[in-house]
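In what follows, every heavy atom counts, from backbone to side chain, and hydrogens, waters and symmetry copies are set aside.
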Amino acid sequence: MQQVDIFTQIIVPVIGGLGIFMLGLEFMSNGIQSLAVNKMRAMLAKFAGTPAKGVVAGTLITGVIQSSTAMTVMVVGLVNAGVVGLRPAISVIMGANIGTTLGNGLIALPLGPLGLLFAGLFALLYIFAKTDKVKNIALACIGFSLIFYGLNLMTGGLKPLRSMPEVMSIISSLKADSYVNLLYCVLIAAGVTAMIHSSSATIGIVMGLGAAGIIDWKTAVAFSLGADLGTTITSWMASLNLSKNAKRAAYAHISFNLIGVMVTIPLFFVSMDVLTYVMQWFGGDPGAPVMVKGKETYPLVPVAIGLYSTFFNIFNVVLLYPFVGVFERVLMKVGASSLDDVEDYSTPKHLTAEAANAPSTAVAAILAENARYLEGALKFIDIARGKEGAPEKVEVHYNQLDLLNRDIRAYTSGQFKAEMPYERADLVASLIEEEDYTASLGEALYQIARRVERQPFGEKGRPLVDRLLDQVSDAMRIVADPASARRDNLSAEAAPRVAQLGELRAEALRLNGSLPWVERGAILALLGSASAPTS
C-alpha cells in the first residue's frame with residue numbers, strides 16, 4: 001500500500017510536474033522566438049552600441065524571449081558578423097542574466113491552479129488558429145500556463161515527503177545554517193542545474209520544495225544561488241565546439257556568475273536579514289506557514305526566491321559593469337583558439353542602415369550579401385564531402401542561410417519607394433529575382449548535403465557521388481564568381497555537365513546488383529537535386 005502511495009502521490013506528480021514545467025518553458029520560448037526573433041535581433045543590433053545600452057537591451061530582450069541560450073547565440077552571431085563589438089556584447093550577456101531572472105519572478109505568482117485551465121483554452125486557440133502569428137502567440141501562452149501548472153503539481157507531490165521521517169532526515173541535513181552547509185547547498189544545486197540544463201527548472205523544483213515546507217526558505221534561496229552558478233556549466237558545454245567568440249561569450253557568463261557567487265556567499269546571511277525586511281512589502285515572513293485545506297504551505301517562499309535571484313543578478317551587474325573593458329582584454333587572450341572562427345551566416349554583414357540611404361551603396365551591399373549567401377551555400381558541398389572545417393550540422397547551417405536570405409529579401413524590398421523611377425524599380429526587381437535564384441541553388445545544395453549525410457555509400461556508390469559533387473562544385477564556382485569570364489556563357493558551360501550527369505545516371509542503373517537499391521535510389525535523387533545548380 002505504501003509503495004502505491006509513493007508512486008501515485010509523489011513520483012507521478014513530481015516527475016509529471018517537472019516535465020510539464022520544462023515543456024512549458026520550451027513552448028513559451030519557442031512561441032515568442034518564432035513570433036519576434038528577427039525583430040529582437042534587429043533591435044539588439046540597433047541598440048547594443050555601447051555597454052550601457054547593451055545591458056538594457058540584454059535585459060529587456062531576454063526578459064521577453066526567456067532563453068539566455070537563444071540570447072547568447074544571437075549575440076555571438078552579431079559579434080561574428082561585426083555588427084556588435086565584443087565589449088557591448090559582454091554587457092548584453094550581463095543584461096541577459098537579469099532578463100532570465102524576470103521569469104523566476106513570474107513563476108512565483110500564485111497562479112498554479114489556473115494553469116491547466118488557461119493551458120486548455122490556449123491549446124484550443126492554437127488548434128483552431130488560421131495564421132502562424134496567432135499560433136505562435138497561443139503557443140507562448142500555453143507554455144506560460146503550463147509553467148504554473150507544472151509547479152503546482154510538483155508542490156503537491158512534494159508535500160507528502162514531510163510525513164516520511166527517513167526522507168526528512170536526509171533533506172534536513174541540507175540546511176544553509178553555516179558557511180560550510182551553504183557552500184554544500186550551492187554546489188548541489190549547481191550540479192543539478194548542469195545535469196538538467198535549465199536553471200529555471202532547478203529554481204522551479206526549489207520553489208516547490210520550499211512551498212511544500214520540505215526545506216526552509218533560506219536553504220531554498222541558497223539552492224537558487226547554486227542554480228545561477230550551474231547554468232554557466234551548460235553555457236560552457238554548449239560552447240565546446242563553437243567559435244572563439246562563442247567561447248568568449250561562455251567564459252564571460254561563467255566569470256560573471258562565478259565572481260558574483262564568490263562575493264555573495266560571504267554576504268549571504270546579511271542578505272537574508274535584508275530579504276526578510278524587504279519581504280514585509282511582499283506579503284510578510286516567508287517562513288510563516290499558511291493553512292490550505294488543513295495542510296501547511298509556504299506560498300511566500302517562491303516570492304522570496306524570485307526576489308533574491310533577481311536582485312542577485314542586478315547586484316552582480318552593478319558590481320562588474322565597471323570592469324567590462326577588463327573582461328574584454330582578458331577574454332581576447334583566454335578565449336583565443338588556434339582554430340579560425342566559424343562564420344555565422346544567420347546575420348547580415350553588409351546590409352547596414354547607412355548603406356540603405358544611397359541607391360548605389362544599397363545595391364553594392366545587396367550584391368555583396370547575396371555573394372556571401374552563395375559562399376555559405378557552397379559549404380553544403382563541403383558537408384557532403386565530409387571536409388574538415390565544414391559546418392557540423394547541415395540543419396543548423398541551413399537555418400542560418402534561410403535567415404540570411406529572408407533578411408536580404410526584406411532589405412531589397414525596402415528599396416522600393418513611392419514614385420521611384422521605372423529604371424530604379426526594374427533594378428530592384430532584378431535584384432529580388434537574382435536572390436530568388438540563389439535561394440533555389442541553396443535549397444538544391446542543402447538537399448544534396450542532407451541526402452549524402454543520411455545515406456552511407458559503399459565502394460561502388462561513393463565514387464559516383466564524388467563525381468556528382470565535382471560537377472556541382474564546378475558549376476557553383478562559376479555562378480558564385482561574378483568576375484568569371486565563363487559566367488557569361490553559362491548555357492554552353494552547362495551542356496557537358498548535363499551530359500556527364502546523364503552518364504552517371506546510366507552507370508548507376510547498369511551496376512544492377514553490385515549497387516544496393518537503397519544507394520541507387522539515393523544517387524538518382526541526388527541527380528535530381530544536382531540538375532538545378534548544374535544546368
For residues 421-428, please give each side-chain donor-acceptor pair under 3.5 Å, one per line with the distance, not counting sequence neighbours.
unit_1: R424; atom_1: NH2; unit_2: Q415; atom_2: OE1; d: 3.1

Quiz item: How far does OH of Y149 sit from CD1 of I142, to the nearest 0.5 angstrom?
Solution: 15.0 Å

Quiz item: Between CG of L307 and CH2 of W281, what distance do you get to the nearest 0.5 Å?
Solution: 12.0 Å

Quiz item: Are side-chain heavy atoms of Q455 and L526 found at a separation under 4.5 Å?
Solution: no

Exercise. Kindly indicate, with the supporting measurements, whether the criterion side chain to side chain contact (heavy atoms under 4.5 Å, CB included) is fulfilled by L374 and L378.
Key: CA-CA 6 Å; L374 280 171; L378 283 168; 5.8 Å; no

Exercise. Without swapping roles, check the side chain of E519 against the backbone of F457 for a donor-acceptor pair under 3.5 Å.
Key: no

Quiz prompt | N405 CG to R409 CZ distance, which is reported to the nearest 0.5 Å | solution = 4.5 Å

Quiz prompt | Contact summary for A449 and A384, nearest pair of heavy atoms | solution = CA-CB, 4.2 Å

Exercise. Tell me, with the steps shown, if I448 and L469 meet side chain to side chain contact (heavy atoms under 4.5 Å, CB included).
Key: CA-CA 9 Å; I448 291 173; L469 294 175; 3.8 Å; yes

Quiz item: Given I305 and V301, is the side chain to side chain contact (heavy atoms under 4.5 Å, CB included) satisfied, shown in steps?
Solution: CA-CA 6 Å; I305 294 172; V301 173; 3.9 Å; yes

Quiz item: Quick check: are there more than 12 heavy atoms from other residues, nucleotides or ligands sitting under 6.0 Å from CZ of R450?
Solution: yes

Practice problem: Determine the minimum heavy-atom distance between S473 and I381, stating which atoms define it. | Solution: CA-CD1, 3.6 Å

Quiz prompt | Polar side-chain atom of S309 near backbone of G306 as donor-acceptor pair, under 3.5 Å | solution = no

Quiz item: Is a donor on one side and an acceptor on the other found under 3.5 Å between the side chain of H397 and the backbone of Y446?
Solution: no

Exercise. Look at the side chain of N316 and the backbone N and O of F256, then say whether any donor-acceptor pair between them is shorter than 3.5 Å.
Key: yes

Self-check item: Rounded distance (nearest 0.5 Å) linking atom OG1 of T438 with atom CD of E443
Solution: 11.0 Å

Practice problem: Mind running salt bridge (charged side-chain N to carboxylate O under 4.0 Å, His left out) on R372 and E369 for me, showing each step along the way? | Solution: CA-CA 5 Å; R372 183 166 170 260; E369 203 66 66; 2.7 Å; yes

Quiz item: Looking at Y308 and S224, what are the two nearest heavy atoms and their distance?
Solution: CD2-OG, 4.1 Å

Quiz prompt | Flag if over 12 foreign heavy atoms under 6.0 Å of CH2, W517 | solution = no

Quiz item: Of the non-hydrogen atoms in A365 and Y411, which two are nearest, and what is the gap between them?
Solution: CB-OH, 4.5 Å

Quiz prompt | Minimum heavy-atom distance F312-N257, with the two atoms named | solution = CZ-O, 4.4 Å

Practice problem: Would you give the length of the straight line joining atom NZ of K379 to atom CG of L401, rounded to the nearest 0.5 angstrom? | Solution: 10.5 Å

Quiz item: What closest approach, in Å, do L431 and I366 show between heavy atoms, and which atom pair accounts for it?
Solution: CD1-CD1, 4.1 Å

Self-check item: Stepwise side chain to side chain contact (heavy atoms under 4.5 Å, CB included) check, F380 with V394
Solution: CA-CA 7 Å; F380 286 123; V394 64; 3.8 Å; yes

Self-check item: Donor-acceptor contact below 3.5 Å, side chain S413 vs main chain A410
Solution: no

Quiz item: Nearest 0.5 Å, what's the CD1-CD1 distance between I432 and I408?
Solution: 12.0 Å

